[in-house]
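Atoms within each ligand, like the ligands themselves, are counted from 1 in listed order. Given the structure is predicted, the values throughout are model-derived calculations rather than measurements.
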Amino acid sequence: MIPYGKQIIEQDDVNSVIEALRSDFITTGPKVAEFEKAICNFTGAKFAVAVSNGTAALHCAANAAGIGTGDEVIVTPMTFVASANCILYCGGIPLFADVLPETLLLDPAEVEKKITKKTKAIIAVDYAGQPCDYDKLAKIAKKYGIILISDACHSIGGKYKGRRVGTLADMTCFSFHPVKHITTGEGGMIVTDNAKFAEKMRVFRNHGITTDYRQREEKGSWFYEMAELGYNYRITDFQCALGISQLKKLTGWISKRREIAERYDGAFKGNPDIKPLGVSSELTHAYHLYVLRISQNIGRDEMFKKLRNAGIGVNVHYIPVHLHPYYQKNLQTSPGLCPVAEEAFKEILSIPMFPGLTEEQQNLTVKLIEGD
Ligand SMILES: *Cc1c(COP(=O)(O)O)cnc(C)c1O
């Protein structure tokens, strides 16, 4: 089976983990800060907070943005459920704004239509690895005094108008799940240039306690206080050691992903029934996913079955969030709310995209899709 995505773990990655396991600290130790610093260097952001997974990263960011009971947050439906669930964790109300038909990225005009006095934040998702139109989104956020959160779980290493993902929004969230660009098994990170947000997130990931164990050790003090309700969203040192090692390879892996995308683009060019998503020329796409739209003439589900039967691990990203039963039941969302996303949902198919994909595997995939 050729999967749609797969991690690469090499001997040096394994060595880093072993070294961390044999050190004095296996959690909340120096590797955490080292990984945070490395992500700051890579993204160009000032502060980074490492957490246990990407969903925790989104929850930390939503909390730092001040989202509370009854606050409205505008989010895209074309994403994994975690992008919207983090709003619910804070007692907020997700409002789904539709996407652009070419890229399936949040449509800034639709965002602006959804803004009310209760709007606290926008959560934009760089779907498939393509950064959203952050100039337009930031302008809207500024105009209404609301916070812009980027769910960049697909787009680490991407760029928008020459600026790196991680510097495009008030807070940017990453995931290090094995299907993402780099992995720590489970893991996540938030980057920001705002010192107050960073501090809030550090406290939130540690039960709402104002000092961590190491800070107390350094001061020679037993004293700690819980100032607000937080969670245990800490990540271990051996996971961060893996992340540090993986991050060194990210640039090369993104080049590989972009080469694979270029070959796919060439192969499907001019086929009206099999269309890659549109890509803006103003950015560097990080290609977490390579998404095709299979016309309703051919049928996405037929194509899915054919490829799965041939051992190609294609997938569908995503069922629009507002169509999930929980959302329909508890937030009274229903079909028709985001027609562009819903129409795209009938046609989208993610095909294999990961740096280890060989040219033969790619040719086989293309051949099967083209049907000859
Ligand atoms: C993977 C992902 C998440 C959640 O990350 P986890 O590390 O699995 O919790 C959130 N948003 C998007 C867009 C994702 O792809």
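- Around ligand 1 you find N53, G54, T55, L58, T79, F80, A82, S83, V125, D151, C153, H154, S175, K180, G187, Y318, each with a heavy-atom distance below 4.0 Å.
- Under the 4.0 Å criterion applied to side-chain N and carboxylate O atoms, K113 and E110 are assigned as salt-bridge partners.
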Subject >> Derivation and outcome, salt bridge (charged side-chain N to carboxylate O under 4.0 Å, His left out), residues E34 and K31 >> reply: CA-CA 5 Å; E34 194 183 327; K31 287 290 170 196; 3.3 Å; yes
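- A side-chain hydrogen bond (donor to acceptor under 3.5 Å, both in side chains) with K161 is found for one member of T284, D133, D135 and no other, namely D135.
- Of the possible polar contacts, one joining the D170 side chain to the L148 backbone as a donor-acceptor pair under 3.5 Å is found.
- The pair K136-E282 does not meet the salt-bridge criterion, since no charged nitrogen lies less than 4.0 angstrom from a carboxylate oxygen.
- No salt bridge links D12 with K248; every basic N to acidic carboxylate O contact stays at or beyond 4.0 Å.
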